[in-house]
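Side chains included, hydrogens not; waters and symmetry mates left out as well; all remaining heavy atoms used. Numbers restart at 1 for each chain; the letters A, B, ... are given by sequence-line order, proteins then strands. Predicted, not measured: the structure shown is a model, and the values here were computed from it.
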There are 2 protein chains.
Amino acid sequence: MSRNDTHQTRNAILKVAEELFSEKGFNGTSINLIAKKAGVNKALIYYHFKDKDDIINSLFELIIREAEQYSTRAQPEGEMDIREKIEQEIAFLQSKQNILKVMMMESLKGEDQHNYFFQCAELVIKNEMEVNIPASEGPTSADNQRLMAHEFFTGFVPLISFVVFREKWSTYYHCDPQDLTRFFLDSFTNTHLSSKAESGPQVENRP
Amino acid sequence: MSRNDTHQTRNAILKVAEELFSEKGFNGTSINLIAKKAGVNKALIYYHFKDKDDIINSLFELIIREAEQYSTRAQPEGEMDIREKIEQEIAFLQSKQNILKVMMMESLKGEDQHNYFFQCAELVIKNEMEVNIPASEGPTSADNQRLMAHEFFTGFVPLISFVVFREKWSTYYHCDPQDLTRFFLDSFTNTHLSSKAESGPQVENRP
DNA sequence: GTCTATAGCAGGATAGAC
DNA sequence: GTCTATCCTGCTATAGAC
């Protein structure tokens, strides 16, 4: 009944909704089911959230905030191996895999109007790839676009796909998930990461 | 009334369903809407398809068959530049972008039981990457798993993501789609494709 | 804050005429 | 093959008691 309970209930709803959305998709999940699995009354959900959209948007805003916090966290002392850094990033993203799946599903839809997926990409890129994202105000130069495309399609996309498809891939190919993580890290190091190492701090691959 | 009409109607339904599924997702699309937009009666859909699932499964089987045909098509004479080959593959995939979006959305769901996404990946990998996929019968060796993981996460995934996110990316970053295609091809060449060139057995193209 | 009850409608699916 | 009409379930959302 106090603020504590309010937040607990709200968080319980969000947690269950996140699981169900990632399991069955947003439109495939009913408020009834969320209420049932969260052990709360259906009407209570409408006390805490305006409508169904409000639930998923709250989840998106939450993950964006958490990613921002992660990217501005205290960095450990000394130089960290780039591979080690990626491993940490993967561990973080893995713990958010459900909402990332939902975000990806929704961003694939044509009607999707919010840009959480790109926002999320920018945070990951800025943070882990150590690339300075050009300020989004003002016109984006062709060089910036080239850089962002590179980071997005050969950096962020493999990373995020690894996180969201890891389990299914392991099951399908009867592969130990830990082995898969090693395989992925090796490939990622040999492709995206080594393309950075070759050409100085900011990547400018141009003949 | 003849077989011709039957196929025309069936195909019209499939075409509209594909558009709507990619626009609004499978669960976000109603049979009513498909019927309305296809200009046919709702009951007619149930004459041609067992249920809603039958529609999406037909679409998945169709794209798999088309991809198989594409991969066994007559190859043009002479050596083709690897980049040119990828451009062709992208053009093919782009023409199928709607169903690929749907396939990706569905494969992200936890409850997704069919493996069309992985089947599709194997076709693209086998075909365009010129990699011999290990026969899926029998246990898969660690080396095969490593190879497949590499091709999947740093080859297929960027390729397919480029196809399905190209338009949204261009809009979001105010980038000309044709420029983006160039940027992507450059990055893809510098990462995934050059990782093949370095390490021997397959492929021999390098400027 | 949390519940009961229900409105109100849209969805998937079918029966049966033509 | 195609249409009209309809069933009925399950959905989102709200009113109102406690």
Problem set entry | Spacing between A/N27 atom CG and C/dA10 atom C1', to the nearest angstrom | 13 Å

Exercise. For the side chain of B/A43, counting heavy atoms from C-beta on, which of D/dT2, C/dT14, C/dG1 is nearest?
Worked result: C/dT14

For this session: Report which part of the nucleic acid A/K52 touches: base, sugar-phosphate, or nothing (heavy-atom distance under 4.0 Å, all strands).
Result: sugar-phosphate

Problem set entry | Interatomic distance where CG belongs to B/L33 and P belongs to C/dC9 [whole Å] | 19 Å

Exercise. Got more than 12 heavy atoms from elsewhere within 6.0 Å of NZ, B/K168?
Worked result: yes

For this session: Could you check B/F156, B/F184, B/F183 and say which one makes a ring-ring contact (aromatic ring centres under 6.0 Å, His included) with B/F162?
Result: B/F184

For this session: Ignoring backbone atoms, test whether B/S30 places a side-chain nitrogen or oxygen under 4.0 Å from the OP1 or OP2 oxygen of C/dA10.
Result: no

For this session: Apply the test side-chain contact (heavy atoms from CB on, under 4.5 Å) to residues B/L33 and B/V16: give CA-CA distance (whole Å), side-chain angles for both, the deciding distance (0.1 Å), then the verdict.
Result: CA-CA 9 Å; B/L33 189 58; B/V16 168; over 6 Å; no

For this session: Can you tell me the distance, in whole Å, between the CD1 atom of A/I34 and the P atom of D/dT12?
Result: 8 Å

Problem set entry | Rounded distance in Å - CG (B/N11) to C1' (D/dG1) | 15 Å

For this session: Would you mind reading off the distance between B/I31 atom CD1 and C/dT14 atom P, rounded to a whole angstrom?
Result: 11 Å

Seminar exercise, completed: From OH of A/Y46 across to P of D/dG16 the rounded distance in Å is 18 Å

For this session: From the options D/dC11, C/dG11, D/dC3, select the nucleotide whose nearest atom is closest to the side chain of A/N32.
Result: D/dC11

For this session: Return no unless some side-chain N or O of A/T9 is found under 4.0 Å from OP1 or OP2 of C/dT2.
Result: yes

For this session: Kindly point out which of C/dA13, D/dT14, C/dG11 is positioned nearest to the side chain of B/K42?
Result: C/dA13

Exercise. Is there side-chain contact between B/T181 and B/E87, with heavy atoms separated by less than 4.5 Å?
Worked result: no

For this session: Taking the side chain as every heavy atom from C-beta outward, state whether A/D179 and A/R182 have any atom pair closer than 4.5 Å.
Result: yes

For this session: State which of C/dG1, C/dT6, D/dC3 makes the closest approach to the side chain of A/Y47.
Result: C/dG1

Problem set entry | Separation of atom CD1 in B/I45 from atom P in C/dG11, rounded to whole Å | 12 Å

Seminar exercise, completed: Quick note, A/L44 side chain, CB onward, closest among D/dC3, C/dG12, C/dT2 is C/dT2

Exercise. Rounded to the Å, how far apart are B/H48 NE2 and C/dT14 C1'?
Worked result: 16 Å

